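The sequence lines fix the lettering, A, B, ..., with proteins before strands; numbering per chain opens at 1. In this text the structure is predicted, and so the values were computed from the model without any measurement. Heavy-atom basis, side chains included; hydrogens, waters and symmetry copies ignored.
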There are 2 protein chains.
Amino acid sequence: MRNASKFANIFMAVKKERRSDCPISYVLDIFGDKWTFLVIRDLLLKGKKTYGEFANSDEKIATNILASRLVLLEEENIISKEKDPEKGSRFIYRLTKKGIDLLPVLIEMMKWSAVYDPDTRVPKATAEKARIDRDAFLNQILEDLKKNKYLLA
Amino acid sequence: MRNASKFANIFMAVKKERRSDCPISYVLDIFGDKWTFLVIRDLLLKGKKTYGEFANSDEKIATNILASRLVLLEEENIISKEKDPEKGSRFIYRLTKKGIDLLPVLIEMMKWSAVYDPDTRVPKATAEKARIDRDAFLNQILEDLKKNKYLLA
DNA sequence: AAATTTACTTGCATTTCGCAAGCAATGTGT
DNA sequence: ACACATTGCTTGCGAAATGCAAGTAAATTT
């Protein structure tokens with residue numbers, strides 16, 4: 001099958017090949033830009049669920065970028081997409097287990113920013129709780145997720 | 001001081017303004033690309049210390065990109081740079097405390113990849129240890145760092 | 001003093017981003 | 001039934017970032 005890749009390039013979306021077999025690089029191959037992790041944040045910590053809600057984030061992601069990232073995240077099985085049963089013109093995006101399991105990464109990012117961002121908006125008490133008992137903090141967020149409560153909502 | 005920013009633009013490097021006050025966004029404003037975290041990985045987990053070593057990473061970063069990222073990381077006080085006392089044509093890059101404190105983020109990325117990358121190169125035993133006792137795993141890496149031993153070297 | 005090592009810089013083609021506008025499907029009001 | 005709004009995208013295009021190859025400069029070795 002010599003020209004299999006050339007064939008695929010013409011007729012279908014082709015997964016970019018990874019740059020190395022390193023686990024850090026695996027994450028960056030998916031999340032190595034300024035936007036993709038923000039979508040996860042919105043889903044996990046802000047309770048956003050629709051295209052319009054993502055598009056209205058504080059950071060003002062461009063709609064074409066947003067659309068391409070949602071496709072990528074769905075292809076990677078990090079999010080799923082379904083029609084809103086209450087409104088067919090709307091779609092609900094959800095995190096899969098693979099997506100929810102990014103929470104520890106986000107929490108460590110938050111902890112780092114809480115320490116080193118001089119203008120952090122992470123409240124002292126929140127930073128303390130995350131630092132003192134990380135697992136409890138993490139489980140609290142997961143519990144809240146089931147109840148539609150969100151840390152950064 | 002009305003035209004302070006215009007003034008600064010002409011005569012000096014200007015920090016890009018942040019997109020929001022969100023702690024995740026703070027991290028992404030610095031690390032939101034496919035390369036910057038790899039430099040941290042090389043310093044923290046591979047024991048690389050020089051420009052040439054970074055440039056020879058598996059992922060083959062372009063030298064102009066590498067140079068720009070090293071400048072950025074130094075500006076952010078995440079790394080420091082000094083002449084190699086044993087060879088003046090060479091520079092040694094080191095992580096500051098702020099840089100070393102990114103280790104938890106890297107570890108969580110590794111853990112996630114160990115679970116979800118079907119071709120992960122993280123050994124089962126390593127993944128297990130990181131999962132069962134994260135703090136011990138983290139401290140082990142920090143101890144190893146002092147002895148110039150590295151997890152991914 | 002020539003050759004090599006090391007750390008970059010420069011020029012240029014390619015890719016991605018970012019903004020604004022447009023479009024299609026569904027939903028709503030009259 | 002028909003216009004208008006909402007929602008989720010797509011398209012076009014200028015600007016910025018990336019990626020590659022080649023070049024430069026300082027220190028080191030031979």
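- Counting any heavy atom pair closer than 4.0 Å across all strands shown, A/Lys16 reaches sugar-phosphate atoms only and no base atom.
- Here D/dT11 presents its C1' atom at 16 Å from CG of A/Leu66, a figure rounded to the nearest Å.
- Listed for the A/Thr120 side chain is no donor-acceptor partner under 3.5 Å among the backbone atoms of A/Asp117.
- The CZ-C1' distance, from B/Phe91 to C/dT5, rounds to 13 Å in whole Å.
- End-to-end axis angle for the helix from C/dA1-D/dT30 to C/dT30-D/dA1, using five pairs per end and rounding to 10°, comes out at 10°.
- Spacing between atom CG of A/Leu70 and atom P of D/dG8 amounts to 10 Å, rounded to whole angstrom units.
- A/Tyr116 and B/Asp101 share a donor-acceptor pair across their side chains, judged by distance under 3.5 Å alone.
- Across all their heavy atoms, A/Leu66 and A/Ala55 have their closest contact at CD2-N, 3.7 Å.
- In this entry the distance linking OH of A/Tyr51 with P of D/dT10 reads 7 Å, nearest Å.
- By the 4.0 Å N-to-carboxylate-O rule, B/Arg19 lies close enough to B/Asp29 to be salt-bridged with it.
- Between the P atom of C/dA7 and the CG atom of B/Asn56 lies a distance of 10 Å, rounded to the nearest Å.
- When rounded to the nearest whole Å, the span between CZ of A/Arg19 and P of D/dC20 equals 11 Å.
- Ring planes of A/Trp112 and B/Phe31: perpendicular class, angle over 60° (limits at 30 and 60°).
- Of the possible donor and acceptor atoms, one in the side chain of B/Glu53 sits under 3.5 Å from a partner among the backbone N and O of B/Lys49.
- Across all strands shown, B/Tyr93 has heavy atoms under 4.0 Å from sugar-phosphate atoms exclusively, and none from any base.
- Checked for salt-bridge contact, B/Asp33 and A/Lys34 miss the test: no charged N lies under 4.0 Å from a carboxylate O.
- Under the 4.0 Å criterion applied to side-chain N and carboxylate O atoms, B/Glu143 and B/Lys149 are not assigned as salt-bridge partners.
- Nucleotide D/dG8 holds its P atom 14 Å from the CD1 atom of A/Ile61, rounded to whole Å.
- The interatomic distance linking B/Phe54 (CZ) with C/dC8 (C1') rounds to 14 Å, in whole Å.
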List the protein contact pattern of nucleotides 17-30 of chain C with one symbol per nucleotide (5' to 3'): B for base contact, S for sugar-phosphate-only contact, - for none; contact means a heavy-atom distance under 4.0 Å.
SBB-B----SS---
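- Of the charged side-chain nitrogens involved, at least one lies within less than 4.0 Å of a carboxylate oxygen, so that A/Glu108 and B/Arg134 count as a salt-bridged pair.
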